[in-house]
Amino acid sequence: MKTEGFDALMRRLNNIGGDVEASAEKGMLAAALKASGEAKLLCPVDEGILRNSIQAGVEKDKGRTVGFVKTNVYYAPYVEFGTGQRGKGSPSPPKWDGSLNYREDWAGMPAQPFLFPAINNNRPQLAKIVMDQVKKDIKKQLLGGGE
């Protein structure tokens, strides 16, 4: 997610001696937690296994701080994208580029997206969470509260 003005804020924080990495990590984690909460609200529930498996975190990818929301439940893609004829015809998130095939000889189930909409429907709020954290860290540094 690219946000206008973010790079300038990060340069400003760096120029005044703030911890750019820590600020980006805190902001990204807060945004990921917001998105994971939304995903849990949107997630269909039978026994709660899928909903309870949704996790948020932060990792480094090619030198960049990246937030993520994920699940390790094997059937999550089938819920997100649907299966069979109903899944193929469902208005669902952009189709996964992995090996998710739709069997034409089976009715299947419609898509019940929960991860994609949790992020996509909240993009402006998620970006604001990250920006607000950097602004907060700039203010803290300027007021002498930095490490």
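The model shown is predicted, which means the values in this text are computed figures rather than measured ones. All residue numbers refer to positions in the sequence shown, counting from 1.
Residues D19 and D137 form no side-chain contact, since every pair of their non-hydrogen atoms from C-beta on lies 4.5 Å or further apart. Side-chain contact between V66 and K60: absent, with no pair of heavy atoms (C-beta onward) separated by less than 4.5 Å. When side chains are defined from C-beta on, Q55 does not count as touching T71, because their heavy atoms never get closer than 4.5 Å. Contact annotation: the side chain of F114 approaches that of L50 to within less than 4.5 Å [non-hydrogen atoms, C-beta and beyond]. Contact of the K40 side chain with the R51 side chain is registered, since non-hydrogen atoms from C-beta on lie closer than 4.5 Å. Between V130 and L126 the shortest side-chain heavy-atom distance does not fall below 4.5 Å. Looking only at side-chain heavy atoms (C-beta outward), K135 and L9 come within less than 4.5 Å of each other. I49 has its side chain within reach of Y75: a pair of non-hydrogen atoms, C-beta onward, lies under 4.5 Å apart.
Summarising the geometry of V69 relative to A39, their closest heavy-atom pair is CG1-CB, 4.5 Å, with the distance given to 0.1 Å. The shortest heavy-atom contact between R86 and M109 is CB-C, 3.6 Å. In this structure, L29 and G57 approach most closely via the heavy-atom pair CD1-CA, 3.9 Å. Here the shortest heavy-atom pairing between V134 and M10 reads CG2-SD, 3.6 Å. Considering every non-hydrogen atom in both A32 and G67, the closest pair reads CB-CA, 4.5 Å. Of all the heavy atoms in T65 and E25, the pair that sits closest is CG2-CA, 3.9 Å.
The closest donor-acceptor contact from the side chain of N52 to the backbone of G48 lies under 3.5 Å. With hydrogens and angles ignored, the 3.5 Å screen pairs no side-chain donor or acceptor of T83 with any backbone N or O of Y78. Judged by distance alone, with hydrogens and angles left aside, the side-chain atoms of E80 form no donor-acceptor pair with the main-chain N or O of A111 at under 3.5 Å.
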Output, in order, the C-alpha distance, side-chain angles, deciding distance and verdict of side-chain contact (heavy atoms from CB on, under 4.5 Å) for Q133 and M28. CA-CA 9 Å; Q133 180 62 52; M28 199 61 74; over 6 Å; no
Hey, mind stepping through L143 and K139 against side-chain contact (heavy atoms from CB on, under 4.5 Å) and telling me if it holds? CA-CA 6 Å; L143 296 175; K139 185 175 181 181; 3.9 Å; yes
Which is it for R12 and L142 under the side-chain contact (heavy atoms from CB on, under 4.5 Å) test, yes or no, and what are the steps along the way? CA-CA 11 Å; R12 180 160 186 214; L142 289 172; 3.5 Å; yes
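For the atom pair NZ (K70) and OG (S53), the distance works out to 10.5 Å, reported to the nearest 0.5 Å.
Hydrophobic cluster membership differs between F68 and I129, with clusters built from Ile, Leu, Val, Met, Phe, Trp and Tyr side chains linked at under 4.5 angstrom. Criterion: ILVMFWY side-chain heavy atoms under 4.5 Å apart, direct or through other members. Under it, L33 and L41 are not part of a common hydrophobic cluster. One hydrophobic cluster, built from ILVMFWY side chains closer than 4.5 Å, cannot hold both V79 and V45; they sit in different ones.
When D7, N14, L13 are each tested for a side chain to side chain contact (heavy atoms under 4.5 Å, CB included) with R11, only one passes: D7.
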